Amino acid sequence: MRQLKAFIKKELLEQLRGGRAVILGILFCLFGIMNPATAKMLPWLLAIMSEQLAESGMHITEIEVDAMTSWTQFFKNMPMLLIVFIVMFSGIMTAEYQKGTLINVITKGLKRWKILISKLLIMSVFWTAGYLITFAITYGYNAYFWDNHIAQNLCFAAFGYYFVGLWLISIVLLASAVLKSASGVTLFAGAAVIISYLSGFLPALREYVPTFLLNANELLMGAADRSRCSAAVGITLFLMVFNGVLSVLLFNKRML
């Protein structure tokens, strides 16, 4: 346990010293503020557009803005934030390969699985903390300006995006156990999302793929029941465990 704690501490210090934690903190805060700000600015933007469209004979009716508008923006922006997060952490292992730093710690007796666990914990902690920051900021502003109770199944809808983020972290770990470049890891994670998304078009598989958890709008409007997502949650959890175990097996056979 001492070795694992020491390596986790080393990983955390690297993220802090490298500025990645600060950049992510700013991005998560910025996205949290953008959601209610965009909703607040929407009537003003439509008013500007209506003057231009009126000349073409098109008229925009007045739109009522509420917390649902802000939460819809939240779930639209979250995939973009998740992409940025995955890209920033895609080199968490490949950078070690290029520097050759893992050879020293392994020769000193550190088990390989402990290296993977520490990387997994660091990514999960940063994703959890950042996601909570974005959600809390959006929730706070929405509560101040409007009423969050208009959004149904809000916490479960937010959980879906968070859980998919953890699934992608496990994919990054798996890809990092076999690939040498950060770009390769990013493409591997992107391919996994595309496969899941395309599989969702098949009626027999739609409710069993991880990306089914991203159907937040249906949950917010009460058009979908949370029980429909139970299978996707179970499959996603299984895939996360599978990716973690396979990562350890592949990394143990890797030549450093």
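Here the structure is a predicted model, which is why all the values come from computation and not from measurement. Quick note: residue numbers are just sequence positions, from 1.
The minimum heavy-atom distance between Ile133 and Cys29, with the atom names listed, is CG2-SG, 3.7 Å. What you find for Ala231 and Glu207 is that their closest heavy atoms are CB-O, 3.7 Å. Of all heavy-atom pairs between Tyr131 and Met78, the closest is CE1-SD, 3.7 Å. Taking both residues in full, the closest heavy atoms of Ala232 and Val209 are given as CB-O, 3.6 Å, listed atom of the first, atom of the second, then distance. When all heavy atoms are compared, the tightest approach of Arg20 to Met88 is CZ-O, 3.2 Å. Across all non-hydrogen atoms, the minimal contact from Leu12 to Ile122 is N-CD1, 3.9 Å.
For the pair Ser196 (side chain) and Ala192 (backbone), a donor-acceptor distance under 3.5 Å is absent. For Thr134 (side chain) and Gly130 (main-chain N/O), a donor-acceptor pair under 3.5 Å exists by modelled atom type. Formation of a donor-acceptor pair under 3.5 Å by the Ser70 side chain with backbone atoms of Ala67 is not found in this model. For Thr138 (side chain) and Gly32 (main-chain N/O), a donor-acceptor pair under 3.5 Å exists by modelled atom type. Judged purely by atom type and a 3.5 angstrom limit, Arg254 uses its side chain to pair as donor or acceptor with the backbone of Ala177. Of the possible donor and acceptor atoms, one in the side chain of Ser90 sits under 3.5 Å from a partner among the backbone N and O of Val87. Between the side chain of Ser170 and the main chain of Trp167, a donor-acceptor pair closer than 3.5 Å is present. With Asn252 contributing its side chain and Leu249 its backbone, the two residues share no donor-acceptor pair below 3.5 Å. Side-chain atoms of Ser247 come within 3.5 Å of backbone atoms of Leu174 as a donor-acceptor pair (strictly under, hydrogens ignored).
Looking only at side-chain heavy atoms (C-beta outward), Val84 and Phe31 stay at 4.5 Å or farther from each other. Counting heavy atoms from C-beta outward, Arg206 and Arg228 have side chains that approach closer than 4.5 Å. A heavy-atom distance below 4.5 Å is not found between the side chains of Leu173 and Asn243. Taking the side chain as every heavy atom from C-beta outward, Leu166 and Ile169 approach each other to under 4.5 Å. The shortest distance between side-chain heavy atoms of Tyr144 and Pro36 does not fall below 4.5 Å. In this structure, Gln73 and Met34 have side chains that are not in contact, with every pair of non-hydrogen atoms separated by 4.5 Å or more. Taking 4.5 Å as the limit, some side-chain heavy atom of Met93 sits within range of a side-chain heavy atom of Leu116. Residues Trp127 and Phe28 meet the side-chain proximity criterion, which asks for heavy atoms closer than 4.5 Å.
Both Leu27 and Met80 are assigned to one and the same hydrophobic cluster, defined by single-linkage of ILVMFWY side chains at heavy-atom distances under 4.5 Å. No single ILVMFWY cluster, assembled from side-chain heavy atoms under 4.5 Å apart, contains both Ile83 and Phe126. Under the 4.5 Å side-chain heavy-atom criterion for Ile, Leu, Val, Met, Phe, Trp and Tyr, Trp146 and Ile33 are members of the same hydrophobic cluster. Both Ile106 and Ile117 belong to a single network of hydrophobic side chains, linked directly or stepwise wherever heavy atoms of I, L, V, M, F, W or Y lie under 4.5 Å apart. Cluster annotation: Leu237 is connected to Leu213 through the hydrophobic network of ILVMFWY side chains, with a link wherever side-chain heavy atoms come within less than 4.5 Å.
Legend: salt bridge (charged side-chain N to carboxylate O under 4.0 Å, His left out) pairs involving residues 79-99, not counting sequence neighbours, sorted by first then second residue: Lys10-Glu96, Glu96-Lys119.
To the nearest 0.5 Å, the span separating OH on Tyr208 from SG on Cys229 amounts to 12.5 Å. Atoms CD1 and OG1, from Ile171 and Thr186 in turn, are 12.0 Å apart once rounded to the nearest 0.5 Å. Put simply, CG on Leu168 and CG on Leu82 are 5.0 Å apart, with the number rounded to the nearest 0.5 Å. The CE atom of Met68 sits 7.0 Å away from atom CD of Gln152, with the distance rounded to the nearest 0.5 Å. The distance from the CG atom of Leu132 to the CD1 atom of Ile137 is 11.0 Å, given to the nearest 0.5 Å. Interatomic distance, OG of Ser176 versus CG of Leu120, reported as 11.0 Å (0.5 Å rounding).
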Just distance, no hydrogens or angles: give the donor-acceptor pairs under 3.5 Å from side chains in residues 153-165, sequence neighbours left out.
| residue | atom | partner | partner atom | Å |
| --- | --- | --- | --- | --- |
| Asn153 | ND2 | Leu219 | O | 3.0 |
| Tyr161 | OH | Phe75 | O | 3.3 |
| Tyr161 | OH | Leu214 | O | 3.2 |
| Tyr162 | OH | Thr128 | OG1 | 2.7 |

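Few gaps surround CZ on Phe145; more than 12 heavy atoms of other groups in view lie less than 6.0 Å from it.
Looking at Asp66, Asn148, Asn217 one by one, the single match for side-chain hydrogen bond (donor to acceptor under 3.5 Å, both in side chains) with Trp71 turns out to be Asn148.
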Exercise. With side-chain contact (heavy atoms from CB on, under 4.5 Å) as the test, would you mind laying out the steps for Asn35 and Tyr141 before giving the verdict?
Key: CA-CA 9 Å; Asn35 304 313; Tyr141 274 107; over 6 Å; no

